[in-house]
**Student:** 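Attaching a single structure in structure tokens format; questions to follow.
In the text below, chain A, chain B and the rest are named by the order of the sequence lines, each starting its count at 1. Keep in mind that what you see is a predicted model, and the values were worked out from it rather than measured.
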Amino acid sequence: MARYNHQEVEKKWQKIWEENETFKTSSDYSKPKFYALVEFPYPSGEGLHVGHPRPYTALDVVARKRRMEGYNVLFPMGWDAFGLPAENYAIQTKIHPAIVTERNVNRFKEQMKSLGFSFDWSREVNTTDPNYFKWTQWIFLKLFEKGLAYKKEMPINWCPRCKIGLANEEVVDNGCERCGHPVETRVKNQWMLKITEYAERLIDDLEQVDYIERVKIQQRNWIGRSEGADVTFQIKDADQTLTVFTTRPDTLFGATYMVISPEHPVLEELQERIENLEEVRAYQEEARKKSEFERAELNQEKTGVRVEGLMAINPVNGQEITIWVSDYVLMSYGTGAIMAVPGHDQRDWEFAAKFGLPIVEVVAGGDVTKEAYTQTETGTMVNSGFLNGLDVASAKQKITAWLEEKGLGVPKVNYKLRDWVFSRQRYWGEPIPLVHCEKCGWVAVPEEELPLRLPDVENYEPTDTGESPLAKIRDWVETACPACGGPAERETDTMPQWAGSSWYFLRYVDPHNDGALAGKEHLDYWMPVDWYNGGMEHTTLHLLYSRFWHKFLYDIGVVAQPEPYLKRTSHGMILGENNEKMSKSRGNVVNPDDVVAEYGADTMRMYEMFIGDFEKSVPWSTDGVRGCKRFLDRVWKLKDSVKPGDSYSKELEAKMHQTIKKVSHDYESLKFNTAIAALMTLLNDINEVGSINQAEMKTFLILLNPVAPHITEELWEILGFGGMLNEQSWPTYDEEKTIARTIAIGVQVNGKVRGDVTVNIDDPQEVAREKVMANSNIQRALAGKTIVKEIYVPGRIYNIVVK
RNA sequence: GCCGGGGUGGCGGAAUGGCAGACGCUACGGACUUAAAAUCCGUUGGGCUAAGCGCCCGUGAGGGUUCGAGUCCCUCCCCCGGCACCA
């Protein structure tokens with residue numbers, strides 16, 4: 001008997017699939033469609049790592065199953081190929097990032113092919129391909145046209161030694177990732193996208209989609225909706241007012257002072273009135289010098305100074321209250337000013353305690369002289385004039401109505417979500433297709449001139465001033481204004497890596513279209529994506545950005561649905577054998593090529609699916625890989641004991657139906673590990689029975705095929721079952737037949753198992769009872785006791801309660 | 001601090017309120033072999049045991065509901081993830 005030669009067999013089938021275009025997506029749009037999507041990788045120089053194939057295999061399993069269920073399946077792959085590593089490599093070696101990228105793509109592709117994924121490679125996309133980023137630029141221009149792109153002074157991370165702007169992930173412990181020098185912030189005028197305009201829809205529409213709960217929760221946290229009111233406080237003897245945002249207008253009577261952010265404009269507007277201007281200015285300066293990081297630091301002692309000469313008037317009781325400046329109030333959230341309610345807010349309490357400010361209790365229940373009382377959901381209002389005696393919820397309603405009526409406040413919803421900084425001072429990204437003209441301002445590059453390509457440069461390093469290397473290519477920068485024809489300069493910032501990945505799933509449906517990002521009939525048929533799996537690390541940025549772009553494209557009529565993804569799931573990380581994150585420096589990296597060479601792609605795929613709970617992190621285990629290899633070797637051996645038969649045998653019938661049900665269900669619900677366990681159990685049962693017939697073998701091979709496609713095709717062919725396995729239909733089960741006719745159930749006495757009996761599933765209780773009472777163990781357990789009650793759950797348990 | 005998800009053998013992990021530990025790994029014992037590897041068979045939560053059946057304990061801790069709890073409820077501890085001077 002020939003031993004299973006995985007290298008030969010896997011190569012053979014990969015070649016057949018490629019030549020036959022087996023997994024090419026059909027253009028028959030009368031069929032039901034299924035669009036399965038996995039996140040396309042950044043093709044790094046490291047090559048594929050065993051973490052990559054986990055989600056790919058998972059959706060490959062689903063895609064293969066769907067094809068056998070008669071769906072037209074779109075399961076594509078591509079490359080998110082702009083990005084820092086290729087650029088940094090270019091800086092060091094002077095090799096053009098495009099060359100490095102191509103090399104890396106080829107390697108990734110080869111590795112993926114060796115794993116037998118059923119991607120339709122004819123639809124491969126690459127974000128760095130001008131035919132692709134032409135449309136990335138086009139979308140940006142549409143955003144610009146609709147006023148959703150604007151320029152704003154924003155800080156960047158700046159390493160003064162490398163003279164380079166750094167992405168947040170390149171800042172490690174407040175130092176530069178490459179040289180360790182402390183990172184400074186520099187303010188740069190940058191392109192921003194108004195994602196905040198979509199905040200409400202991004203949060204509300206989560207209700208329409210089937211995302212795993214933790215993804216929805218993270219998105220909601222990130223967007224951070226909070227409902228409250230804007231309330232206006234008059235400044236005494238001045239025209240100016242201070243508006244604050246509060247979620248607790250009910251506590252207005254407890255507002256004993258106000259705090260404004262050091263950047264608050266009123267400090268400029270009323271500077272003549274400020275008696276301690278020097279002190280205030282010094283504080284502003286100090287706050288400005290603190291890095292973002294320092295300012296965000298937790299639990300630091302509150303600092304601040306009183307703005308002398310200015311008083312505010314609490315609109316509910318006319319009381320004059322002091323105004324303070326403190327950096328715990330952020331200009332970037334709400335209005336940059338707060339009313340301080342030290343009795344019921346931890347931060348305000350700390351501030352008031354430090355500066356000896358009055359603390360008034362307005363919700364009964366705590367002791368505000370000791371700490372802020374914040375458990376106020378159920379409290380009763382006190383010291384609050386016309387709100388006294390009300391519970392918090394009704395007080396909120398009453399005061400909000402009162403404020404509105406008096407014109408002192410309006411209900412308001414605020415979001416933590418900030419606009420998207422869309423500029424990068426780098427070479428290896430999509431050029432932003434805008435031109436600046438002295439006369440006309442920012443002007444879009446005409447659509448017919450897209451794609452706006454990257455010029456060749458000699459040096460990939462950013463300039464000393466932090467401009468992108470493009471700024472030095474004067475004959476690229478200097479151009480004519482598309483509007484007036486006068487001299488103008490191109491924008492030299494490029495787009496962030498998030499740009500290309502914000503719409504790639506649309507391009508797959510019609511990847512070679514020259515006239516549109518994709519044709520309407522293709523978009524209408526394929527969109528939305530039916531199932532998108534990706535890493536949790538992309539939950540807040542990529543997922544949100546791409547939903548934002550899709551909603552925008554929906555608004556301008558490019559796509560027909562407001563949401564791009566019907567379903568979103570997420571996989572856990574694969575750790576090294578030592579339970580630590582896999583990394584070169586830890587020396588625990590497992591290379592998928594080695595696993596494929598030694599054990600085969602099928603074993604690799606199977607192990608990746610069997611390794612544990614799909615949604616959780618899990619350490620790699622070489623022993624576990626061997627276990628899967630052993631299983632496949634035993635499957636291989638089955639071919640020598642297949643007997644004729646076109647229906648399931650008596651011995652295995654129930655087991656076959658049970659397994660079809662279990663495997664079919666588990667493949668759909670991310671429980672690949674238990675699906676495989678069920679197949680292992682079935683194999684054990686087959687070996688116990690001692691033989692398998694053709695009908696059983698066919699079903700077994702089809703069920704196993706999505707996980708182990710090569711060996712199952714080979715066996716299908718060897719056994720002469722006809723056609724190719726991938727052309728077969730997914731097996732069905734009969735619910736009736738999943739239930740074994742006779743079954744051993746446990747018998748309990750007072751809830752403790754005292755034995756088991758074999759009963760027919762449809763035995764009435766009396767028959768079951770006879771069998772139970774005939775059991776000697778049960779007789780012994782019942783001896784001398786009085787039976788109080790008997791519970792019989794057919795197929796489950798027989799419990800006897802005794803005294 | 002707020003919001004999620006968890007805690008089950010030596011390990012990865014299974015269990016619609018119904019025989020906890022499926023399945024795999026590891027370890028141990030046996031068969032095959034000159035030997036080893038591979039393969040096959042058996043055992044593998046802990047303890048007690050008259051060795052016969054069997055009994056006791058056991059799903060982070062403590063209470064509760066139930067004929068019956070890993071699963072439901074309450075209190076607490078620990079781990080992982082997200083958000084966070086966000087008013």
**Student:** Checking understanding here: a glycosidic angle within 90° of 0 is syn, the rest anti, so what is B/G6?
**Tutor:** anti
**Student:** Is a side-chain donor-acceptor pair under 3.5 Å present for A/Gln346 with A/Thr374?
**Tutor:**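 Side chains of A/Thr374 and A/Gln346: no pair found under 3.5 Å.
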**Student:** Give A/Arg780 one of three labels, base, sugar-phosphate or nothing, depending on what nucleic acid heavy atoms sit under 4.0 Å from its own.
**Tutor:** sugar-phosphate
**Student:** When rounded to the nearest 0.5 angstrom, what is the spacing between CG in A/Asp419 and OG in A/Ser332?
**Tutor:**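 The CG atom of A/Asp419 sits 11.5 Å away from the OG atom of A/Ser332.
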**Student:** What nucleic acid atoms does A/Asn684 come within less than 4.0 Å of, heavy atoms only: base, sugar-phosphate, or nothing?
**Tutor:**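 Counting heavy atoms under 4.0 Å across all strands, the contact made by A/Asn684 is with sugar-phosphate only.
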**Student:** For the side chain of A/Asn221, counting heavy atoms from C-beta on, which of B/C83, B/G12, B/A14 is nearest?
**Tutor:** B/C83
**Student:** Tell me whether the side-chain N or O atoms of A/Lys416 pair up with the base of B/C83 as donor and acceptor below 3.5 Å, since no angle test is needed here.
**Tutor:**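 Answer no: no donor N or O sits under 3.5 Å from an acceptor.
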**Student:** In terms of side-chain heavy atoms, does A/Asn533 have a donor or acceptor partner in A/Thr569 at a distance below 3.5 Å?
**Tutor:** yes
**Student:** Side chains of A/Asp230 and A/Thr243: any donor to acceptor distance under 3.5 Å?
**Tutor:**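 Not at all, the side chains of A/Thr243 and A/Asp230 share no donor-acceptor pair under 3.5 Å.
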**Student:** Is the shortest side-chain N to carboxylate O distance from A/Asp633 to A/Lys637 below 4.0 Å?
**Tutor:** no
**Student:** By nearest atom, which of the nucleotides B/G12, B/C25, B/G81 is closest to the A/Gln218 side chain?
**Tutor:**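 Closest of the options to the side chain of A/Gln218: B/G81.
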**Student:** Of the candidate nucleotides B/A14, B/G24, B/U26, which contains the atom at the shortest distance from the side chain of A/Asp623?
**Tutor:** B/U26
**Student:** Which nucleotide in the list B/C3, B/C40, B/G81 gets nearest to the side chain of A/Ile217?
**Tutor:** B/C3
**Student:** Are any of the side-chain nitrogens in A/Asp345 or A/Arg248 under 4.0 Å away from the carboxylate oxygens of its partner?
**Tutor:**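 No, this pair does not count.
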**Student:** Base, sugar-phosphate, or nothing: which does A/Asn777 touch, judged by heavy atoms less than 4.0 Å apart?
**Tutor:** sugar-phosphate
**Student:** Salt-bridge test for A/Lys216 and A/Glu207: reply yes if a basic N is under 4.0 Å from a carboxylate O, no otherwise.
**Tutor:** no
**Student:** Provide a list of protein-nucleic acid N or O atom pairs under 3.5 angstrom, restricted to nucleotides 43-52 of chain B.
**Tutor:**
none

**Student:** Are side-chain N/O atoms of A/Tyr283 and A/Thr303 paired as donor and acceptor at under 3.5 Å?
**Tutor:**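 The criterion, which ignores hydrogens and geometry beyond distance, is satisfied for A/Thr303 and A/Tyr283.
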**Student:** Where along nucleotides 15-20 of chain B does protein come under 4.0 Å, by heavy atom, of base (B) or sugar-phosphate alone (S), with - for untouched nucleotides?
**Tutor:** SB-BB-
**Student:** Going by side chain to side chain contact (heavy atoms under 4.5 Å, CB included), A/Tyr792 matches just one of A/Val772, A/Ile745, A/Ile800. Which one?
**Tutor:** A/Ile745
**Student:** When Watson-Crick pairs (N1 to N3 and N6-O4 or O6-N4) and G-U wobble pairs (N1-O2 and O6-N3) count only below 3.5 Å on both distances, what is the dot-bracket string of RNA chain B, with | for other-strand pairs?
**Tutor:** (((((((..(((.....[....))).(((((.......))))).((((.....))))..(((((..]....))))))))))))....
**Student:** Where does B/G12 fall, syn or anti, if syn means a chi angle no more than 90° from 0?
**Tutor:** anti
